[in-house]
Protein chains: 2
Amino acid sequence: MNQTLSESKELLFNKAKDFCEDKGVRFTPLRAKVYQILLQEDASIGAYDILDKLKLIEDSAKPPTVYRALDFFLELGLVHKVESTNTFKACHHFGCSHPVQFLICDTCGDVKEISSEGVKETLERQALQSNFKIMTQTIEAHGICNQCQGTGIS
Amino acid sequence: MNQTLSESKELLFNKAKDFCEDKGVRFTPLRAKVYQILLQEDASIGAYDILDKLKLIEDSAKPPTVYRALDFFLELGLVHKVESTNTFKACHHFGCSHPVQFLICDTCGDVKEISSEGVKETLERQALQSNFKIMTQTIEAHGICNQCQGTGIS
DNA sequence: TGGTATTATTTTAAAATATACCAACACGCA
DNA sequence: TGCGTGTTGGTATATTTTAAAATAATACCA
Ligand SMILES: [Zn+2]
Ligand SMILES: [Zn+2]
Ligand SMILES: [Zn+2]
Ligand SMILES: [Zn+2]
């Protein structure tokens, strides 16, 4: 079933399955398919791109099909939403609670998740000066990734 | 014309007008109306909420009317987009180039723009560790503002 | 095993957000 | 006055997201 996933991603797939089972929530076939589509991407992917891919193997798929699965994974922290592009990306180290920041390459589309406590705390400290209590952070940087620097790609 | 704006906002309105004239771009009546609607809000405001308000004084207003004006202001840096809520907020210190971070109160909706070089540089430093060159940042914190803390509002 | 509660899926529809396109008009300038 | 560019008007459509209701599947307990 996971022929299209590399070994490391297959590990992640199984980890996600176990994670859901441990939590007592259901990693259904439909959710598995959506999750697999997300795993296949290094870039983040839009809901309708997911839908297009899902339709190939699940004829009945409709927008709510995708959004429900996404909501399920977002809730659990297995998937993050990239707000600045309305896209979604599988988290590669769920389970542990961690801050989330994205580095989004506008040249190749690659999205790299980093998890810097320093960035998180710097923003928190700054917010405290306004006596603002942060519950969640959205931190996304657009720019040029390592791979794309120095290449002629525009 | 600016009866509905407080004195400080009227100052900002005039500053924006001057700013456009200095740049050689036109602060047209339509744009002025949209800008005024933005200024009236302490919260950020969605494009279609702007449209509703604009329609009251400009019968011909349509979605493109609003988005064109917004694009104009976004380009100039007079207005920022809040990505996590798909809303827009007038900048209170345009002209100087400055980093942008938002503190968004999920209780009262208030959006406060802060401009911390520290936050910006911390993220830049962190990105450099991945050899990623940041061009733009989206930094938005959701939580509870000073006013709403300690009140019974939920 | 059957009954029951819960959760997930299907289906249809619509709301909310954003853009494409072309024609008409207005302004700045030669 | 005529030209070019930028602005607006108007229509339509694309994209993203959510609502609601009916059905189906599953988990759980007796
Ligand atoms: Zn993550
Ligand atoms: Zn790249
Ligand atoms: Zn600003
Ligand atoms: Zn508040």
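Using a 4.0 Å cut-off between charged nitrogen and carboxylate oxygen, A/Lys89 and A/Glu113 do not count as a salt-bridge pair.
Partners of B/Lys81 under the salt bridge (Lys or Arg N to Asp or Glu O under 4.0 Å) rule, at least two apart in sequence or in another chain, do not exist in this structure. Listed by chain and number, the residues in a side-chain hydrogen bond (donor to acceptor under 3.5 Å, both in side chains) with A/Thr87 are A/Ser44, A/Thr85 (sequence neighbours excluded). Qualifying side-chain hydrogen bond (donor to acceptor under 3.5 Å, both in side chains) partners for A/Asn146, counting only residues two or more places apart in sequence or in other chains: B/Asn131.
Protein atom CG of B/Leu74 is 15 Å distant from nucleotide atom C1' of C/dT19, rounded to whole Å. If you measure from atom CD1 of B/Ile45 to atom C1' of C/dA18, you get 16 Å, rounded to the nearest angstrom. With rounding to whole Å, A/Phe27 atom CZ is found 12 Å from C/dT9 atom P. Spacing between atom CG of B/Leu51 and atom P of C/dA15 amounts to 16 Å, rounded to whole angstrom units.
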When you check every protein heavy atom under 4.0 Å of nucleotides 4-19 of chain D, what one-letter string (B, S, -) results, 5' to 3'? ---SBBBB----BBBB
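Applying the 4.5 Å side-chain rule to ILVMFWY residues, one finds that B/Leu56 remains a lone member of its cluster. Cluster partners of B/Val100 are B/Val82, B/Phe102, B/Ile104, B/Val111, counting Ile, Leu, Val, Met, Phe, Trp and Tyr whose side-chain heavy atoms approach within less than 4.5 Å, directly or via other members.
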